[in-house]
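One structure is given here, and the rest of the page talks about it.
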Amino acid sequence: MTSPEDDSGDRAAAAQAMEADEAKLDPDGELRPALGRAPNADELTLWAGMASDRREAALQRIAVLRRWTEEPGELTAAEAAEQADVAVSRFYEIASAWRADPTLASLGTYVKKPGRKGPRLSGEAVNRIQALLPRIVGANSKMKVGAIAGLIQVDPSLEGMKLPHLNTLRTMIEREKRRLRAEELVGLRPGLDAVACNLVRPDGRHHVVFAVVDRTARFILGFSVGDVRDSRGAYRRAAADALDRINRNEIPGMPWADKSERVDVIIGDDEPAWQEARSDFRSAEKGIPFELIIGPRRYGRYLRIVAGTTIGDLRIWPARTDTDEIADGSLTHTDAEATTAIEVEVAKHNAEVMAQSVADGADRPAPITMRILKFIARQE
């Protein structure tokens, strides 16, 4: 028999051997940060045999798939498919395979995982499990992963289906637990969004709210009113407003995350100004994605995630954001009057979100979160 000390020594030796293989097969160290974990032996072998253009495509596809599965609602299927360089129908197939087995071999471009045996996982079963995870994990967040797996295995909606191996199921549950914890923390994925509201300008057009929102914890961090023809200026004011609220500690106890992973901007009609800003940001902050959302029907996307169809009692109108539609017979508001009215509704929204929050985060934003806001606020 082997002693516990022998087992420990064997595991340490195996870990050292794997690290040595990783250093040889991925000398640039690209695969580990892309996957968010240590690559396994099969992945390292597959990676080592890829041409450089396929490696680049793999890294891009991994980033898209992780965002699609770990940050639901952030991308449309069309946007994700475009970034992954596949048709939408093909993207759904790849995403299903990735959910079932998030490894390099599941990307849909290369070869099957070496040594893989047995029947292919049921895509329908995986999709049903993904639909169950938020509800079951959210309602039983204090339970151990194995116990949650047991609840999923006996769920009536999965009766008669071939389920993934327990280890795969545990991985899916652990990933969902991480996602749910992150959703409660502020600052992880700030987004800048613009949307028309039911307040009317003196010229008869709808006022447009420009907001810095937290897409995970659902807070509105700052806002301004402005015009989509100068979204750069409007977001500059919104970021300055967010900084002011943070410095005043407007919402005591707000649970801040210890990092910001990315920032996304739904831009107006001034794309050149944002292309320049993005270039400047990427030069200043290496490794933090700063993406511009420029597709059709983009306005209001993040505000709908955090607030639905109303901010407090203020109705928002995504479809009217970039039009010159005149609202006949409506009471009009100057910019200052609209700002005051919106302030009341933002305070109401944030108070409701805070009352529902059970997260335990940092007392202050992470340095990177503050740098992001200051960058947006000061850029001319």
Side-chain angles (χ1 to χ4, degrees), residues 184-195 207-227 230-268 270 273-274 276-293 302-303 305-307 311-312 335-336 338-351 353-354 357 359 361-380:
E184 293 287 325
L185 296 176
V186 187
L188 200 62
R189 295 195 303 275
L192 278 62
D193 193 9
V195 69
H207 274 288
V208 177
V209 181
F210 290 80
V212 181
V213 304
D214 185 276
R215 292 173 281 172
T216 56
R218 297 178 45 240
F219 287 99
I220 297 174
L221 302 179
F223 78 93
S224 74
V225 295
D227 193 302
D230 181 25
S231 66
R232 187 70 193 85
Y235 284 132
R236 185 183 299 118
R237 297 190 298 275
D241 181 54
L243 289 168
D244 178 63
R245 293 170 189 271
I246 291 169
N247 290 331
R248 289 189 286 107
N249 195 23
E250 183 178 80
I251 306 178
M254 184 179 284
W256 290 96
D258 60 4
K259 62 180 179 178
S260 286
E261 294 179 341
R262 63 180 300 117
V263 57
D264 296 270
V265 184
I266 293 179
I267 67 172
D270 50 347
W274 280 107
E276 182 179 352
R278 179 173 64 174
S279 178
D280 291 344
F281 182 89
R282 288 177 172 177
S283 297
E285 298 289 347
K286 305 294 185 182
I288 302 294
F290 186 103
E291 301 299 336
L292 308 181
I293 310 301
Y302 300 147
L303 281 162
I305 290 175
V306 306
I311 301 171
D335 286 357
T339 299
T340 299
I342 296 168
E343 176 69 40
V344 172
E345 304 307 329
V346 166
K348 186 183 302 181
H349 168 85
N350 285 339
V353 173
M354 189 65 192
S357 176
D363 293 333
R364 296 287 292 172
I368 179 58
T369 307
M370 294 296 286
R371 291 201 302 273
I372 289 170
L373 292 173
K374 288 177 181 177
F375 174 89
I376 296 168
R378 71 172 177 258
Q379 285 294 295
E380 297 295 340

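Note that the structure is a prediction, hence the values are computed from the model and not measured.
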Distance, nearest 0.5 Å, that separates [atom1] of [X] from [atom2] of [Y]:
| X | Y | atom1 | atom2 | result |
| --- | --- | --- | --- | --- |
| Asp363 | Asn249 | CG | CG | 8.5 Å |
| Ile372 | Ile288 | CD1 | CD1 | 6.0 Å |
| Ile342 | Lys348 | CD1 | NZ | 13.0 Å |
| Ile293 | Ile266 | CD1 | CD1 | 6.5 Å |
| Ile376 | Arg237 | CD1 | CZ | 14.0 Å |
| Arg232 | Asp270 | CZ | CG | 8.5 Å |

Fill in: ring-ring contact (aromatic ring centres under 6.0 Å, His included) involving Phe281 - partner list, sequence neighbours excluded
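If we apply the ring-ring contact (aromatic ring centres under 6.0 Å, His included) test to Phe281, skipping adjacent residues, the hits are Phe290, Phe375.
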Determine whether a donor-acceptor pair (N or O, by modelled atom type, separation under 3.5 Å) exists between the side chain of [X] and the backbone of [Y].
| X | Y | answer |
| --- | --- | --- |
| Arg215 | Pro190 | yes |
| Asp227 | Asp230 | no |
| Asp193 | Leu303 | yes |
| Ser357 | Val353 | no |
| Ser224 | Ala234 | yes |
| His349 | Arg218 | yes |

Please name all residues satisfying salt bridge (charged side-chain N to carboxylate O under 4.0 Å, His left out) with [X], sequence neighbours left out, ordered by chain then number.
| X | value |
| --- | --- |
| Arg278 | Glu291 |
| Asp244 | Arg248 |
| Glu343 | Arg245 |

Worksheet item: Within a strict 4.5 Å, meaning less than it, do heavy atoms of the Val306 and Phe219 side chains meet?
Response: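 The answer is no; the side chains never approach within 4.5 Å.
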Worksheet entry | Minimum side-chain heavy-atom gap Lys374-Leu243 below 4.5 Å |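 In contact.
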Minimum heavy-atom separation for [X] to [Y], with atom names?
| X | Y | value |
| --- | --- | --- |
| Gly222 | Asp241 | CA-OD2, 3.3 Å |
| Leu185 | Gly361 | CD2-CA, 3.8 Å |
| Leu192 | Trp274 | CD2-CH2, 4.2 Å |
| Ala338 | Val225 | CB-CG1, 4.4 Å |
| Ala240 | Ala377 | N-CB, 3.8 Å |
| Tyr302 | Val213 | CB-CG2, 3.7 Å |

Worksheet item: By side-chain contact (heavy atoms from CB on, under 4.5 Å), which residues pair with Ala194, not counting sequence neighbours?
Response: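 Val208, Phe210, Tyr235, Tyr299.
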Output a table of donor-acceptor pairs, distance under 3.5 Å, between side-chain atoms of residues 251-260 and any protein atom two or more places apart or on a different chain; print 'none' if there are none.
| unit_1 | atom_1 | unit_2 | atom_2 | d |
| --- | --- | --- | --- | --- |
| Ser260 | OG | Gly187 | O | 2.5 |
| Ser260 | OG | Thr369 | OG1 | 2.6 |

Worksheet item: Could you go step by step and tell me if Val212 and Ile220 meet the side-chain contact (heavy atoms from CB on, under 4.5 Å) rule?
Response: CA-CA 6 Å; Val212 181; Ile220 297 174; over 6 Å; no
